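See structure below.
None of these values were measured; they are calculated from a predicted model. Heavy-atom basis, side chains included; hydrogens, waters and symmetry copies ignored. Chain letters run A, B, ... following the sequence lines, proteins first and then strands; every chain starts at 1.
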2 protein chains.
Amino acid sequence: MPTMKDVAKAANVALSTVSLALRNDPKVKESTRRRVLEAAHKLQYRPNGIARDLKTRKTDTICILLHDLGGPFYSELIRGVQDVATSSGYNTIASGSLGGRNGSAVKLLSERRVDGVIVLAPDVDDEVIVQSAGADLPVVVLDRELTDEFVYSVRVDNEQGGYQVTRHLLEVGNRRVVFVSGPADSLDAEHRYRGYVKAMNEFSAPVSKRFDYNGQFTEQGGYTVGKVMSALPELPDAVFASNDEMALGILRAFEEKGIRVPDDVALAGFDNIRIAEYVRPSLTTVQQPMYEMGAVAAQLLFQALSGSKTLGSVRLATNLVVRQSSQRHISHGNQTNL
Amino acid sequence: MPTMKDVAKAANVALSTVSLALRNDPKVKESTRRRVLEAAHKLQYRPNGIARDLKTRKTDTICILLHDLGGPFYSELIRGVQDVATSSGYNTIASGSLGGRNGSAVKLLSERRVDGVIVLAPDVDDEVIVQSAGADLPVVVLDRELTDEFVYSVRVDNEQGGYQVTRHLLEVGNRRVVFVSGPADSLDAEHRYRGYVKAMNEFSAPVSKRFDYNGQFTEQGGYTVGKVMSALPELPDAVFASNDEMALGILRAFEEKGIRVPDDVALAGFDNIRIAEYVRPSLTTVQQPMYEMGAVAAQLLFQALSGSKTLGSVRLATNLVVRQSSQRHISHGNQTNL
DNA sequence: CTGTTAGCGCCTTCAA
DNA sequence: TTGAAGGCGCTAACAG
């Protein structure tokens with residue numbers, strides 16, 4: 001692997017001349033530059049980014065840290081990050097947080113391989129984040145309650161979202177609305193529950209015991225809950241599942257039992273994943289402003305990077321999306337809202 | 001930002017002792033190590049990975065280069081890569097190839113920021129790949145025809161897949177099966193088409209003019225095709241869309257026109273995206289062994305990295321998944337195969 | 001066991 | 001306009 005030194009030798013110039021020539025610095029004469037470029041080409045020279053990063057103390061790269069690189073849920077969010085990063089001249093890489101102590105996560109966070117990090121991985125400890133963040137490594141956390149001097153936070157208003165769906169379910173005439181929660185430690189689910197309670201109280205509706213399910217917010221988890229629910233002596237009027245995946249599972253369980261949605265029981269989810277629009281009945285849910293979330297997160301990061309004072313935390317609004325699954329007595333073919 | 005030098009000074013030892021102590025080398029006395037660790041902790045010392053990488057000439061990281069980080073399509077594939085990488089002690093990062101010449105793609109490929117690259121981004125030039133690959137940077141390309149000394153390739157047998165669906169469509173009694181192609185330059189679509197032609201010929205069925213659509217393999221593209229198709233004087237017996245997204249769009253167009261699938265016309269896609277199972281009618285399609293693809297790609301990479309001779313190219317088999325959309329005269333509620 | 005020393009490949013004053 | 005020299009933070013001989 002040839003280095004700048006080799007190029008310098010081949011072109012019969014000094015090392016620094018090569019450096020300048022390669023970066024098109026006007027300080028080098030045209031003829032010299034050509035000679036250098038030629039030599040570089042002949043030797044198949046490739047700059048070593050690592051060496052440059054070490055010297056310049058920056059990487060022009062930010063990282064978005066996901067729990068699982070394989071999760072399809074965050075497309076729009078990542079796009080938001082990427083768009084902002086690109087327009088600021090930064091590159092974006094993504095990494096998963098699986099692997100614990102010596103996983104990529106910690107490596108990226110603590111070893112200064114990137115200039116900034118956006119964390120969307122519930123399994124990364126707050127402590128690790130606070131420890132790693134610093135003037136030279138701002139960190140933006142998504143969906144978590146944490147701020148610190150160099151840690152910024154972007155969250156969606158889950159309580160508002162929970163309130164919106166529940167209120168909608170009540171407004172279309174349901175009274176006994178039950179809440180299906182996700183993993184016990186999920187802050188998101190907790191906030192959604194709060195919104196649910198708030199709406200129920202406003203309508204003086206009975207806040208039932210939650211159908212807690214300590215699963216992973218998965219379709220399978222929802223399926224189990226749906227099975228249990230359909231075995232009860234009496235069905236509720238409506239079910240608010242704390243995310244769409246679970247709602248999908250519940251729907252499947254109901255379908256198997258011959259319980260019709262929304263005629264026998266209304267159903268709503270949360271997240272507005274793409275399938276929500278395609279499943280039948282299509283799923284009423286709450287849309288999170290994913291793209292905006294990513295874009296805002298990236299903006300915070302770059303503001304911090306540029307040294308300007310910025311907001312410590314941003315909260316974004318949610319959007320109710322009404323579809324078939326909550327529309328009692330309306331034909332399935334009639335979609336109200338995409 | 002403190003460096004090892006600072007730690008050494010604070011602990012009253014030499015630089016190298018710190019280096020050894022931090023890496024738990026048995027050569028340093030327990031008491032010394034403790035002193036070093038303490039000093040490091042007090043100073044909030046963080047190792048600089050870039051410096052280490054520069055010195056050791058390796059990053060222990062591989063990169064999977066996607067066209068668009070925001071695309072949800074590759075979950076399983078990435079998981080395959082990640083699993084193999086993790087078990088080999090490597091970290092995995094992902095990056096998008098958008099951004100052209102000075103995008104992250106080129107940066108990652110040519111500046112030795114990673115030890116190996118898996119390319120799943122049609123927009124990266126073959127030339128760039130060949131140029132970048134080398135003994136110290138093996139590259140595995142997915143779904144593209146390219147091999148070189150340090151470039152390995154993994155592909156799925158698109159022709160086989162195209163053959164499988166078409167044959168299935170013919171076997172259930174269709175004769176006039178039409179093929180809907182994707183972007184003009186898509187090699188995948190081209191191979192799927194070949195499989196289609198092969199099956200059609202075997203059954204002496206008429207190979208119709210293709211419904212070429214030079215779109216981006218999107219739902220919207222399919223929708224347009226579906227519109228055009230349903231305006232024709234006569235519908236075909238069956239439609240084989242070269243990917244699921246397009247099939248989804250076609251389905252929507254048909255639905256709007258009151259054309260029933262599969263009763264009026266059978267439909268099949270390719271890819272087996274998750275929605276294919278949820279849409280009604282559920283979509284007959286071809287599954288690509290995504291996880292395996294990722295795992296195999298990573299394995300090739302690590303074999304190359306370890307210096308052992310490996311296969312230059314691997315081709316994986318596809319799987320037909322029969323669902324409602326191709327089952328003439330069968331009730332929609334009756335799902336044959338997940 | 002600990003310390004000294006020499007780079008990894010590049011950028012960047014400072015002189016010439 | 002070009003060249004020489006120093007150093008980014010770390011690892012790895014090689015001596016002590």
Calculate the interatomic distance between [X] atom [atom1] and [N] atom [atom2]; express it in whole Å.
X	N	atom1	atom2	result
B:Leu22	D:dA12	CG	P	13 Å
B:Lys5	D:dT11	NZ	C1'	15 Å
B:Asp53	D:dC8	CG	C1'	14 Å

Could you check which of D:dG3, D:dT11, D:dC8 has an atom nearest any side-chain atom of A:Thr17?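 Minimum distance to the A:Thr17 side chain belongs to D:dG3.
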
Choose from D:dG3, D:dT11, D:dC8 the nucleotide whose nearest atom is closest to any side-chain atom of B:Lys55.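 Nearest nucleotide to the side chain: D:dT11.
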
With a 4.0 Å cutoff (strictly under), does any side-chain N or O of B:Ser16 reach OP1 or OP2 of D:dA12?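 For D:dA12, neither OP1 nor OP2 has a side-chain N or O of B:Ser16 closer than 4.0 Å.
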
So, is B:Arg23 near the phosphate of D:dA12, with a side-chain N or O under 4.0 Å from OP1 or OP2?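 Yes, because at least one side-chain N or O of B:Arg23 sits under 4.0 Å from OP1 or OP2 of D:dA12.
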
May I ask you to test the [X]-[Y] pair for a side-chain heavy-atom distance under 4.5 Å?
X	Y	value
A:Arg46	B:Glu111	no
B:Asp143	B:Leu187	no
A:Val130	A:Phe150	no
B:Leu120	B:His67	no

Name the nucleic acid region contacted by B:Thr3, choosing base, sugar-phosphate or nothing; use a 4.0 angstrom heavy-atom cut-off, strictly under.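 Sugar-phosphate, no base atom in range.
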
Using a 4.0 Å heavy-atom cut-off, does B:Met4 contact any base of the nucleic acid, only the sugar-phosphate backbone, or nothing at all?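 Here B:Met4 touches the bases of the nucleic acid.
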
Pairing donors with acceptors under 3.5 angstrom, does anything connect the side chains of A:Ser31 and A:Arg35? no

Do the side-chain N and O atoms of A:Thr59 and A:Asp53 include a donor-acceptor pair separated by under 3.5 angstrom? no

Going 5' to 3' along DNA chain C, between which two nucleotides do contacts with chain B fall, using a heavy-atom cut-off of 4.0 Å?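 Contact span on the strand: C:dC1 to C:dG9.
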
